[in-house]
Amino acid sequence: MSYIPENALIVQSDRTILLEVHSPTAAKAREAIAPFAELIKSPEHIHTYQITPLSIWNARAAGMQVEAMVGALRDYAKYPIPEAVAQEISTLGSRYGLTVIERDGDSLLLRMSDQPLAELLSRDKQVAPLLGKRLSEVCFQVAASLRGVLKQALLAAGYPAEDIAGYVTGDALAIQLREETRTGKKFLLRDYQSQAAEAFYQSGRVQGGSGVIVLPCGAGKTIVGMTAIAAVQESTLVLTTSLTSVRQWRRELLDKTDLPEDAIAEYSGEVKNTGPITLSTYQILTYRHQRDGDFPHFDLFSARSWGLIIYDEVHLLPAPVFRITAELQARRRLGLTATLIREDGREGDVFALIGPKRYDVPWRELEGEGFIATASCTEIRVSQEKERQMEYALAPRRNQFRVAAENPRKVQVIKDLLAKESGHRILIIGEFLSQLEAIAQVTQLPLITGKTPEKEREKLYQSFREGELGGLVLSRVGNFAIDLPDADILIQVSGKYGSRQEEAQRLGRVLRPKSDGRPAQFYTLVSLRTCEEDFARHRQLFLTEQGYSYQIEIMD
């Protein structure tokens, strides 16, 4: 058995991969396997990755060949990789595209690679009810309205479809990106932004037009979306997480494209307008009068002949929007996100209904090129008073997390950090309002929550941007789509259990590159000897996955 001690990987027969962090080839090995393996554990010395069918199919859809996946394992493995793993990657990877959805007039065709597969799938309990008339040994007619649910069923059966049925033509929209913004700055697309948009659009070919772009917060996902709109040149519906994000999209579109103001409409709780480009939120779309009632605002999807639908922060797409998206497969669909991780486990539905991952770039690569700020991550473990530790020990299990999260000693740590980082632009973010209200009172910093009126919220954000405010205290509203490019210190006092997607969003708040090149610092406060430590380890997975070092300090 050959043994290469400097290599970083140990590949195991259960399709897990162990990566030795301190190996000289660890960084290159991590980069090589990241496109087709998922990080599941990241303690100090050995990180564990898992190869899954979906991770392989996403890599295949992005153009990675099976040989490249197996080659990456062989190149960086300490020991010869189990042949069963290579065979499994080859088997699963070759399944992508064995089923193809094509257009045939007003209906669709499902074409299989051979007759045995056709027989297998025509007897599958999820696929069979969706198949229409059998036209040949390997081809079935399918109703166009079943395109989305058929792709879900084929994915569940283990044979993800390549969808080349094409798209309807939406209303024409004349839009060009500016060479100089309306604010007078030179505007040039970065290489990765144009590459991401082209990976999605693929020059208008039917092989493109649907899928997800994964880029760090602060890397310009909105610009990628605008570039896609300019490529498609058709009316576009943009769905995002909040009114703040809606307004940000509007500012960016007006600043960096030649669109007039009346071409951009807002459909929200405040106004119900539509236009060539319409901006809306997931919240308004999923609003209904009664829990089991209809969704009255779903009519927005048919209000115009959309040529493109953009799902901003696609990892947060609500379940009802998945349902309507299954019916929208004839529209081009672009998902934008910093992470494909979903806390509800519906990554497969994103793959089937929005599309596969089309483009991804490592955070540290963009950091190295200066496109996002250099960041350091520090977890500060804070002890509790004996009385508080007893309260935690006696609390019902479901309440222990909140007792730990609201540890009063965290307030003193925040005061110490504010003194240490004086002169920096600081965001303090957390989960529980009572805790945040106490912090705001002690620090004399403004607090922004979901109840803060939109006008007041925007006024505070603007004061922060202009340097009138040195810091803000934010509830969960700070997770998404706030444009505060000068923020360089983030203090996370509590979070949503072990949410990796939240970790990605919060780190992203301080990753916009700074004009003076200063680095960003991400602090997480965790109560010692509590379940917060366990949740922090899970959240840490995201940071490790992106190649960030993670320092731990203990405050007795």
Side-chain angles (χ1 to χ4, degrees), residues 218 373-389 404-449 452 460-479 482 484-495 503 505-530 532-533 536 539-540 543 548-556:
T374 302
S376 298
C377 305
T378 303
E379 178 183 312
I380 301 176
R381 297 183 181 176
V382 185
S383 63
Q384 298 190 100
E385 298 282 358
K386 287 186 178 180
E387 294 79 3
R388 186 82 179 186
Q389 191 68 40
E406 294 188 306
N407 179 1
R409 281 191 168 179
K410 290 184 180 182
V411 176
Q412 183 58 51
V413 176
I414 291 169
K415 290 170 67 177
D416 293 343
L417 288 174
L418 291 178
K420 174 185 174 183
E421 305 291 359
S422 178
H424 289 266
R425 313 300 302 285
I426 299 172
L427 301 177
I428 301 171
I429 193 165
E431 181 77 8
F432 301 109
L433 291 183
S434 58
Q435 179 186 36
L436 297 174
E437 287 166 355
I439 291 169
Q441 187 173 10
V442 168
T443 62
Q444 295 297 293
L445 294 175
L447 170 62
I448 298 176
T449 73
T452 307
L460 290 169
Y461 288 151
Q462 190 61 30
S463 295
F464 186 91
R465 293 185 196 108
E466 294 174 356
E468 297 171 7
L469 283 173
L472 293 170
V473 181
L474 304 171
S475 72
R476 218 182 299 170
V477 299
N479 288 0
I482 55 172
L484 303 173
D486 288 330
D488 61 341
I489 304 291
L490 189 138
I491 303 171
Q492 178 175 243
V493 296
S494 52
E503 201 82 346
Q505 296 296 328
R506 290 184 172 181
L507 176 61
R509 301 283 71 82
V510 292
L511 285 186
R512 293 288 180 90
K514 318 306 174 193
S515 56
D516 58 2
R518 69 185 186 276
Q521 179 69 56
F522 180 47
Y523 293 102
T524 298
L525 308 190
V526 171
S527 288
L528 197 62
R529 291 174 55 194
T530 71
E532 265 203 315
E533 290 181 298
R539 297 171 69 94
Q540 182 187 342
L543 301 174
Y548 286 102
S549 61
Y550 195 86
Q551 181 179 349
I552 295 176
E553 297 179 3
I554 296 179
M555 306 285 289
D556 288 327

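Model, not experiment: these values are computed from the prediction. Residue numbers start at 1 and run along the sequence shown.
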Residues in side chain to side chain contact (heavy atoms under 4.5 Å, CB included) contact with [X], at least two apart in sequence or another chain:
X    : answer
S422 : none
S376 : Q521
D486 : R425, R518

Do you know the tightest heavy-atom contact between [X] and [Y]?
X    : Y    : result
D488 : P519 : CB-O, 4.0 Å
R506 : L490 : O-CD1, 3.4 Å
L447 : A440 : CB-CB, 3.9 Å
I429 : S475 : CG1-O, 3.7 Å

State the [atom1]-[atom2] distance between [X] and [Y], to the nearest 0.5 angstrom.
X    : Y    : atom1 : atom2 : result
E379 : Q551 : CD    : CD    : 11.0 Å
I439 : L445 : CD1   : CG    : 10.0 Å
L417 : L525 : CG    : CG    : 6.5 Å
S527 : R409 : OG    : CZ    : 10.0 Å
I426 : L418 : CD1   : CG    : 5.0 Å
K386 : Q389 : NZ    : CD    : 11.0 Å

With a 3.5 Å distance limit and no angle check, can you tell me whether [X] reaches the backbone of [Y] through a side-chain donor-acceptor pair?
X    : Y    : answer
K514 : A487 : yes
R388 : E406 : yes
N407 : S383 : yes

* **Pairs meeting criterion salt bridge (charged side-chain N to carboxylate O under 4.0 Å, His left out) with involvement of residues 466-478, two or more places apart** =>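 Residue pairs passing salt bridge (charged side-chain N to carboxylate O under 4.0 Å, His left out), neighbours aside: E431-R476.
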* Asked: Could you give all pairs that pass the side chain to side chain donor-acceptor pair (under 3.5 Å) test and reach residues 435-449, with sequence neighbours left out?
  -> Q435-S494
* Just wondering, do V442 and I414 contact through their side chains at under 4.5 Å, heavy atoms? ->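 I414 does not reach V442 side chain to side chain.
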* Asked: Can you tell if the side chain of F432 reaches within under 4.5 Å of the side chain of V493, non-hydrogen atoms only?
  ->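 Contact flag for F432/V493 side chains = no.
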* **From V413, T524, I428, residue fulfilling side chain to side chain contact (heavy atoms under 4.5 Å, CB included) relative to I491** => I428
* **R529: partners by side-chain hydrogen bond (donor to acceptor under 3.5 Å, both in side chains), with sequence neighbours left out** =>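 R529: no side-chain hydrogen bond (donor to acceptor under 3.5 Å, both in side chains) contacts found.
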* Just checking, is any N or O donor in the side chain of R465 or Q462 under 3.5 Å from an acceptor N or O on the other one? -> yes
